[in-house]
Each structure stands twice: as structure tokens, then as C-alpha cells.
A.B. asks: 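Sharing a structure with you now.
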Number of protein chains: 4
Amino acid sequence: MATNKYEEIARAAIQLFDEKGYHATSVQDIADAVGLQKGSLYHYIENKEELLLRIASQSINGFNHELEIIRNRKTPARDRLIQAIHHHFNIVTGDIQMTTVLLREAFLLSDEQHGIIKKATDRYLDLWVDIIKEGMDNQEFRSGDARLTALSILGSCNWVYRWYDEHGARTPQQIADYFCDLSLKGILA
Amino acid sequence: MATNKYEEIARAAIQLFDEKGYHATSVQDIADAVGLQKGSLYHYIENKEELLLRIASQSINGFNHELEIIRNRKTPARDRLIQAIHHHFNIVTGDIQMTTVLLREAFLLSDEQHGIIKKATDRYLDLWVDIIKEGMDNQEFRSGDARLTALSILGSCNWVYRWYDEHGARTPQQIADYFCDLSLKGILA
Amino acid sequence: MATNKYEEIARAAIQLFDEKGYHATSVQDIADAVGLQKGSLYHYIENKEELLLRIASQSINGFNHELEIIRNRKTPARDRLIQAIHHHFNIVTGDIQMTTVLLREAFLLSDEQHGIIKKATDRYLDLWVDIIKEGMDNQEFRSGDARLTALSILGSCNWVYRWYDEHGARTPQQIADYFCDLSLKGILA
Amino acid sequence: MATNKYEEIARAAIQLFDEKGYHATSVQDIADAVGLQKGSLYHYIENKEELLLRIASQSINGFNHELEIIRNRKTPARDRLIQAIHHHFNIVTGDIQMTTVLLREAFLLSDEQHGIIKKATDRYLDLWVDIIKEGMDNQEFRSGDARLTALSILGSCNWVYRWYDEHGARTPQQIADYFCDLSLKGILA
DNA sequence: CATGAATGAGTTTTCATTCAT
DNA sequence: AATGAATGAAAACTCATTCAT
């Protein structure tokens, strides 16, 4: 399944951190999941915390990478906002466990390591704000507080990790479309 | 300050669980915070998990109690939705630490105890759905998937616990107003 | 035997550190020796290293305390040197295990903690140097390098921890007398 | 530098055992120091303990070999004692790290292996005793307890490993001369 | 009500050694 | 000769909980 041992370990850790939380997952649990002895894990990871850091980093980098590209497109802000929402849904629903680790467990890192993640998630928010601000500036969007608007939309998109069910009736695409519509037009008749 | 010792303990626990997470907070930490010996805590709590359960229960009950009332009012759905958002903001910003414990730590409870919290939070969502569905039925709101709509609005309101800063420029009231406007009318010009 | 639990633990540790060395002695070994569980030890010590530090500190403080007094006496340097040698023998032979820990194991402490011991042992040497220098100045002793002389005499006295046998034929007093004679008059006929 | 790989490994081990002690030095540390993988070391050594044994053996054999020759010379005991002291200083100051390993770490060997070293160091003491006894018998030296005398002189010479500084003001030769003078004539004016 | 000693199971991590390649 | 993955035992330390006083 996994292309190499580290990936296998990280995948097991992601699943366990998602299910039980970082601290309730022992190194023994991870070792059991990949069929290694506890001690052998340390060929692949430096320690448990570094493993969490790598997982969280990989996750937020995935979010940032493409949003960076979307932000820079020369298309209407409205189109880019829709792309941003779809992109976000793709990542969250594509690996909901890893997203959960990022959003719920990363704060457990030591200040220094958490700072790395914090910086990257702040960057992610900034990209959303950029798009919205441009839309407000060119009057595609009603004027307002771009940051608050971004926090509102991003909040509803982030929350998805708490309720999305891959066996549910709707595809991620459909849900994302619905969320786009709500964000753009609101709920009033 | 605290009206009794249990309240004092719970308050210390809330603060510590918020800062460091449930598992990273030791019973010793809590004891230190209230100036008791570890052993003495057990006169007031049954065990650490029960303490978490009580905190989470108190929190979600606070959310549910008034929303129950709001839902039952005979006023337009639009008004009740606005009240729901304001109510939510009041509770989150009124005790952001307790909200954090509810939203981020409660899943660490054993299945049985987590079930209690899960049922109550599901109930909370249902109340939002009820209001929205009524608005859709009487054509105050555009027709759509009331549950998805509730998840979207509730998501953006829940996320507030991650970024709200009591020393920020805007009052909770102002932010809530802004969020109501966005939910109702969207961002398009 | 021991007047309190910490003393009991320290005594067990001294004996084990002497026999097997600090690193070859596990916390479990110490716990076994005093009939406690491993975890219970930590009511009395902060950690294993602090235990070593306390033992080494107690030991060197014992050496320094009385030599300080001897150095300050207004008696001939020769008398004080003899007292110093006797004092040293008393301490070494009175608790040869603790002396062994001080002389052989203290360097294993972290730099910071070892620094504390190093400073105190340097002080001890200085006291010997003081006495010898005064003897050289007032011509009780042949003139020479007081520090080298001190290192020579102290060296032969320290080495005692390696060979002294409490079941041997001579009492510490007798050995000390013999060493005094050698130091003062040499071996030549 | 090293003539072969084993020498290189032993040299690295000597340095590390001196700095950190035997148990605080991991096989990994030694491997790192010589630029090999941990596993590769085992082509050159049987195990860590055997490495310590070989180092300690080499060290004590160096001490014994020439003292054997000195003891057997047909020259006055006084001359041979002076040669013994100079010889000892040459070895200690010529490789103070190896001497440290011999004097401070060898006791960590298992009983059987430590026995080998113990026998050789006992032999070394015996050679000193022989010389001194001959000096006492032929009245070059004052009569007395030859073994105690040897322990006194050897002690001050051994202690050198604790304080000798190759960047110090005096050469090993000068220090040895000074120690010879003290041993022979004492410190009294 | 409060203490603090004691527990015992648990945690993460280290490490000397082996061995197939 | 060299590697590096794997082991398994052991290390120091933590912690929620109990209970006699």
C-alpha cells in the first residue's frame, strides 16, 4: 500500500491521531499498526512530536500550495473564491483524517513547533483575505471587512471535517457547490 | 471568587484544558491551580474524565437551553436565525475557554460518555435545522438543504472559538451582526 | 536504621553507585533496595541526577567544612597539615562509599551540576594550598610550589578510597600517622 | 593517522570514554567518530565491553612492561624509584585519556574481565613495593611499611590524571622531578 | 476536609547487538 | 567490508487514583 516505510508509519499515525487524539495514541499503538517493534519506529521518526509536526506540515502545505496558485490567477474574484472553496473541500474530504490532525491536534506541539504550523495557517487565511479584498475593491463583492468575511467562509469550510461522511448522499463537489452558493448569495429568498 | 470549591476546580480545569489540552493537563496541574493537594481533589470530583464530562455537558447545555426557547418563538425564521447567531456568539465569546473544551476535547471521553455529549450537540444542530427549515417552508429563505445550510452557518459560528480575540477591535455584537448579514445576503454586490 | 526516607534512599544509592557505578545503577535497583516502587522514589528525589548531585555535594561539603576551620587556626602549618591529613582520612575511611561516589562518579553530572561540585573541590584544594604556602612562607617547610605540593599530598590521600580496607591490619589513625610522616620527612634514610 | 581501523576505533573510544564515561558513550557515538555505521563496528570489535577491556589492558600493560625492567636493574633503589616516578609520569601525561579510562572506567567491566585488569594493576603495585622494600632492606630508605609507602607515592602519581594540564607551565619532566624530591625528602625545612 | 505517601501500569526513548543484503 | 533495518530488553520518568491518618 504505502510506497515506503515512513509513509506507512505516518498513515497509521494519522489514523490513530484522528481516532484517539495525539496523546491518547502511544508509540506502541503506531508500532502495532505497522507491525514493527516500538524501537524500530525510531529509524524513521525522530520522536513522536516530530511525527505530528511532519503530518501537520504536510497537511497545511497541501492547503497552501494550490491556493497560492488560485489567488494569483487573473480571473474574477468570484471565480477564484469558488475555486478556493472547491479546493478546500477537495483536500478536506480527500483526507479527512489528516485534516483532523491539522485542525485539532497541532496545537499540542511545543510552542516552537506549533509556531511553524501557525505561520502556515495564518498564511492560508491571508490568501483567502487577498481574494476577497480584491473582490471588494473591484466591486464584485459588497464592501465590508475582508478578514471577517474570510473567517466566516473559511470557518464553514473548515467545520466540514467534523461532519463530512464519505458515505453520505452528496458528493464533495455537490456540497462545495452548495456552500459556494450560500457564500455568494446568502439564504434570503 | 468561585461560589464553591467544585466551581473553582472546574474553572481551573477549563483554563488548563484550553491551554494544554485534556491529556497534557495532569491532575497535579489542576491541584496546583487551586492550591490543593492532588488527593484532596478527589473529594470534589470522581475522576479526571468525569470532570471533563461535566464541563462539556455544562457547556453544551448552555448552548441548547436558550436556542430551544428561540426556536419555539412565533416570530419570523429570519429573526430567530439572527437571534440564534447572536446567542451563539454570546456563549462562545462569553466563555471561549469552555467552548474550546467542548469543541476540541470532548471527543477524548470514552465512547459512553462522549455519546452523552454527542447527543446534545446533535440536538443543537437540529434546533438550527428546525429554524432554517421553517424559513424555507414559508419562503422567507430560498429553498434548499436545511441541514447543509445549518452546518454552513453553524460552522462559521463555531470556528469563532479559534480566532476570537477579546482585545480585538470589534465587539462580539458587531461581529455577530456582520455574520448575520453575510448569512442572509451573501457577499455578492 | 535511617532516620528518614530520603536518607534511606541516599544511602542505598551511595552503596549501589559505589558498587556498580552511577549509570549501571537503575532507579529500579535503588527502589528495590529500599523496598519501594520505582514511582514512589520520586516523592523523595527529583530525578536520578539530582540524587547524585545531592550525594556528591554532601560529601564535598563534609570535606570542606572542617578543613576551613583547620586552615584558620593560629597554629604552626606543620600541625595544621597533620590535622588536615587526619581529617581527610577520617572522612574517607568513615564513608568510603560516599567518597568513591564523589571522586569517581560526580563527573557524570551535566556540565552545570558538575560545575557546582567542581567549584567545591577546587575550594578544597585551595585550603590545602593555603596551609602549605603559609608553612613555606614562615620556613617551616622547604620553599617550593605550594600547589604542586598540595596536589602530591592530596593525591596520595585521595587514592586511599581505592585501596583502604576496613578489615585491614591498621587503623585509619595509624595509616594517617604514617602518611604524615612520609609527607613531612620523605623516605630517605 | 591510525595505522589501521581498529586503532582508529580504539582511539575514538578512549576519547569518548574519557569525556563522557563508558556507559554514557553509545556504540553509535563511537561509530560516528570514526565515520562508520554502528553495525560496521562489529567487524572490528566483539562488543563494547571487550573494547573497554582491550583499552584498559593495553594501558596497564604499558605501565607494567617498563616498570618490570626498572625493578630488575642492579642500581640503587633510590635511582630506580626516581625512574619509576618518571616512567609513570611519562605514561600518564603521554596519554592521559587512556589512563583515565584505566583508572576510572575499568571497574565497570564484568567481574571476570575486571579481574584481568585487577591482577595487572596489583602486579604494578607489587613492582613498586619491591623497589621500596629493597631500598628499606639496604638502608637507602628509612625502614617502614613498604606497601603503605608504595600506596602513598603511587597515589600521588596516579592522581595526576585528574589535574595534569598539557598546556600548564611545567613539563611532565619538571613535575616528576618535583614529586621525586618530595617523596625522597619530604616537605620539612 | 485535607494530606501525602504509595502504587502499578503506563509513557517515550535509548541502545547493544544481529543479520540479510 | 559495509550497510541499515530490525530487535527486544531496559532505561528514566509520569500519572491517575487510593487510602490511612
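Numbers restart at 1 for each chain; the letters A, B, ... are given by sequence-line order, proteins then strands.
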A.B. asks: If you find the nucleotide of DNA chain E closest to D:Y22 and the one closest to B:G39, which residue's nucleotide is nearer the 5' end?
C.D. replies: B:G39
A.B. asks: Charged N to carboxylate O below 4.0 Å: is that the case for C:K38 and C:D32?
C.D. replies: no
A.B. asks: In whole Å, I'd like the distance from the OH atom of B:Y42 to the P atom of F:dC19.
C.D. replies: 13 Å
A.B. asks: Mapping B:A24 and C:V27 to their closest nucleotides on DNA chain F, which lands nearer the 5' end?
C.D. replies: C:V27
A.B. asks: Suppose we call a contact any N or O donor and acceptor under 3.5 Å apart; does that hold for the side chain of D:H43 and the base of F:dA2?
C.D. replies: yes
A.B. asks: With sugar-phosphate meaning primed atoms plus P, OP1 and OP2, does C:S26 contact a base, only sugar-phosphate, or nothing at under 4.0 Å between heavy atoms?
C.D. replies: sugar-phosphate
A.B. asks: Rounded to whole angstroms, how far apart are CG on C:D29 and P on F:dA10?
C.D. replies: 12 Å
A.B. asks: Roughly, in whole Å, what's the span from CG in B:L36 to P in E:dC1?
C.D. replies: 11 Å
A.B. asks: Would A:T99 and A:F63 count as a side-chain contact (heavy atoms from CB on, under 4.5 Å) here? Give the steps.
C.D. replies: CA-CA 10 Å; A:T99 303; A:F63 279 100; 4.1 Å; yes
A.B. asks: Whole Å only: how far is the CG atom of B:N4 from the P atom of E:dC1?
C.D. replies: 11 Å
A.B. asks: Could you please name the option among E:dA5, E:dG4, F:dA16 that lies closest to any side-chain atom of B:Q37?
C.D. replies: E:dG4
A.B. asks: Do NZ/NE/NH1/NH2 and the carboxylate oxygens of C:R11 and C:D95 come within less than 4.0 Å?
C.D. replies: yes
A.B. asks: Among the nucleotides F:dA2, F:dC13, E:dT17, which one has an atom lying closest to any side-chain atom of C:K38?
C.D. replies: F:dC13
A.B. asks: With a 4.0 Å limit, can you tell me whether B:Y44 has a side-chain N or O closer than that to the phosphate oxygens OP1/OP2 of E:dA2?
C.D. replies: yes
A.B. asks: Taking the six-membered ring for Trp and the full ring for Phe, Tyr or His, determine whether the centres of A:Y6 and A:Y44 are under 6.0 Å apart.
C.D. replies: no
A.B. asks: Round to the nearest Å and state the distance from D:E50 atom CD to E:dA16 atom P.
C.D. replies: 15 Å
A.B. asks: Measure the distance from CG on C:N47 to P on E:dT13 and round it to the nearest whole Å.
C.D. replies: 18 Å
A.B. asks: Roughly, in whole Å, what's the span from CG in B:L51 to C1' in F:dT17?
C.D. replies: 14 Å
A.B. asks: Which nucleotide, in any strand shown, forms a Watson-Crick or G-U wobble pair with F:dT17, with both distances under 3.5 Å?
C.D. replies: E:dA6
A.B. asks: Using Watson-Crick or G-U wobble geometry with both distances below 3.5 Å, tell me the partner of E:dT13, or none.
C.D. replies: F:dA10
A.B. asks: Given E:dA6, F:dA2, F:dA6, which nucleotide is nearest the side-chain atoms of D:S40?
C.D. replies: F:dA2
A.B. asks: Relative to the 5' end of DNA chain E, which residue comes earlier, A:Q28 or D:K48, by the nucleotide with the nearest heavy atom?
C.D. replies: A:Q28
A.B. asks: Just how far, in rounded Å, is P of E:dG10 from NE2 of B:H23?
C.D. replies: 14 Å
A.B. asks: Among D:I14, D:I91, D:L102, find the one that has a side chain to side chain contact (heavy atoms under 4.5 Å, CB included) with D:S59.
C.D. replies: D:L102
